[in-house]
Amino acid sequence: MIKYYKLLDMLNRRSMTKETLRQQIGISSATMSKISSHKTVSLDVIDKICCALDCQPGDIIEYVPSGIQTDTQIETGQQISGPKHENHYEAFTDEEEKQIDLHKLSTNIKYQLDIALKFGESILASLMEKARQQEKPNNKAQ
């Protein structure tokens with residue numbers, strides 16, 4: 001399965017939102033949603049992303065065979081049990097969101113990985129955006 005977490009990480013490191021990229025390269029919201037949920041997109045879309053971000057496809061996508069642990073899963077000690085693991089994340093409730101420490105999330109990669117493994121990359125991306133928005137007023141005050 002093709003995974004786009006490298007793209008999401010690149011956008012995060014560049015302080016660029018998925019919406020900004022989407023508008024810049026002229027793709028639909030549905031196509032960006034496919035990327036966020038690790039679904040297939042055309043090579044034309046990959047080409048547009050690489051052109052806009054001045055990178056290679058390997059910088060934004062990775063093939064992960066079903067049943068194979070990623071480096072992230074190995075590093076965090078998460079065990080998987082074959083193909084059924086794909087996209088089986090816990091439900092992200094309002095109560096769960098209240099327990100997330102946004103400051104810790106913006107500064108601690110291990111915490112980010114834990115969130116991504118538990119709830120999925122799209123939830124992590126959303127929370128990272130909230131953390132950035134929360135930090136903006138603090139940076140202006142300094």
Side-chain angles (χ1 to χ4, degrees), residues 1-140:
M1 170 178 246
I2 297 296
K3 297 286 189 173
Y4 300 95
Y5 68 86
K6 288 182 170 184
L7 169 61
L8 302 175
D9 181 55
M10 182 181 285
L11 292 176
N12 181 41
R13 283 184 280 118
R14 294 182 182 195
S15 298
M16 183 179 203
T17 66
K18 292 185 289 185
E19 180 62 17
T20 301
L21 176 64
R22 184 190 75 74
Q23 291 175 358
Q24 183 178 344
I25 65 175
I27 62 173
S28 69
S29 296
T31 300
M32 186 54 78
S33 179
K34 283 182 178 183
I35 291 170
S36 295
S37 57
H38 304 287
K39 295 193 174 141
T40 304
V41 297
S42 72
L43 284 176
D44 184 52
V45 171
I46 300 299
D47 180 58
K48 288 178 181 180
I49 293 170
C50 288
C51 183
L53 299 177
D54 190 28
C55 66
Q56 294 294 313
D59 297 331
I60 61 171
I61 62 175
E62 181 176 26
Y63 171 71
V64 180
S66 296
I68 302 295
Q69 287 183 305
T70 63
D71 290 342
T72 300
Q73 291 165 325
I74 291 167
E75 181 181 299
T76 60
Q78 180 183 13
Q79 298 296 313
I80 60 173
S81 58
K84 69 178 185 175
H85 173 72
E86 295 295 333
N87 295 327
H88 283 98
Y89 300 115
E90 292 183 23
F92 189 70
T93 63
D94 289 339
E95 191 58 40
E96 293 280 359
E97 186 170 3
K98 290 177 187 173
Q99 295 177 12
I100 301 293
D101 179 344
L102 292 178
H103 177 70
K104 181 178 178 183
L105 185 66
S106 66
T107 59
N108 186 318
I109 188 72
K110 185 89 165 151
Y111 191 54
Q112 293 171 14
L113 293 173
D114 290 342
I115 300 278
L117 290 171
K118 186 173 182 179
F119 301 112
E121 291 88 356
S122 61
I123 295 294
L124 174 63
S126 172
L127 290 170
M128 292 297 293
E129 182 62 29
K130 285 184 181 181
R132 280 193 294 278
Q133 295 301 323
Q134 183 179 353
E135 287 182 354
K136 283 183 181 178
N138 292 339
N139 290 339
K140 290 179 183 176

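Only heavy atoms go into these numbers, but all of them, side chains included; no hydrogens, no water, no symmetry mates.
Listed by chain and number, the residues in a side-chain contact (heavy atoms from CB on, under 4.5 Å) with Leu105 are Ile100, Leu102, Tyr111, Gln112, Ile115, Leu124, Leu127, Met128 (sequence neighbours excluded). In this view, Lys104 satisfies the salt bridge (charged side-chain N to carboxylate O under 4.0 Å, His left out) rule with no residue, not counting sequence neighbours. Partners of Lys6 under the side-chain hydrogen bond (donor to acceptor under 3.5 Å, both in side chains) rule, at least two apart in sequence or in another chain, do not exist in this structure. For Thr107, the side-chain contact (heavy atoms from CB on, under 4.5 Å) criterion is met by His103, not counting sequence neighbours. With sequence neighbours left out, the side-chain hydrogen bond (donor to acceptor under 3.5 Å, both in side chains) criterion links Ser28 to Thr31.
Between the side chain of Ser37 and the main chain of Ser33, a donor-acceptor pair closer than 3.5 Å is present.
To the nearest 0.5 Å, the span separating CD on Glu62 from NE2 on His38 amounts to 11.0 Å. Annotation: the span from Ile60 atom CD1 to Tyr5 atom OH amounts to 12.5 Å, rounded to 0.5 Å.
Between Ile2 and Lys39 there is no side-chain heavy-atom pair separated by less than 4.5 Å. The closest side-chain heavy-atom distance from Leu21 to Leu7 is below 4.5 Å.
Within the structure, side chain to side chain donor-acceptor pair (under 3.5 Å) contacts touching residues 16-25 (residues at least two apart or in different chains) are Thr17-Thr20, Lys18-Ser36, Glu19-Arg22, Glu19-Gln23. Screening residues 25-34 for salt bridge (Lys or Arg N to Asp or Glu O under 4.0 Å), with sequence neighbours left out, gives no hits.
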Check: residues 48-57 side-chain donor-acceptor pairs under 3.5 Å, at least two apart:
none

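With respect to the salt-bridge test (charged N to carboxylate O, under 4.0 angstrom), the residues Lys118 and Asp114 do not qualify.
Of all heavy-atom pairs between Tyr4 and Ile35, the closest is CD1-O, 3.3 Å.
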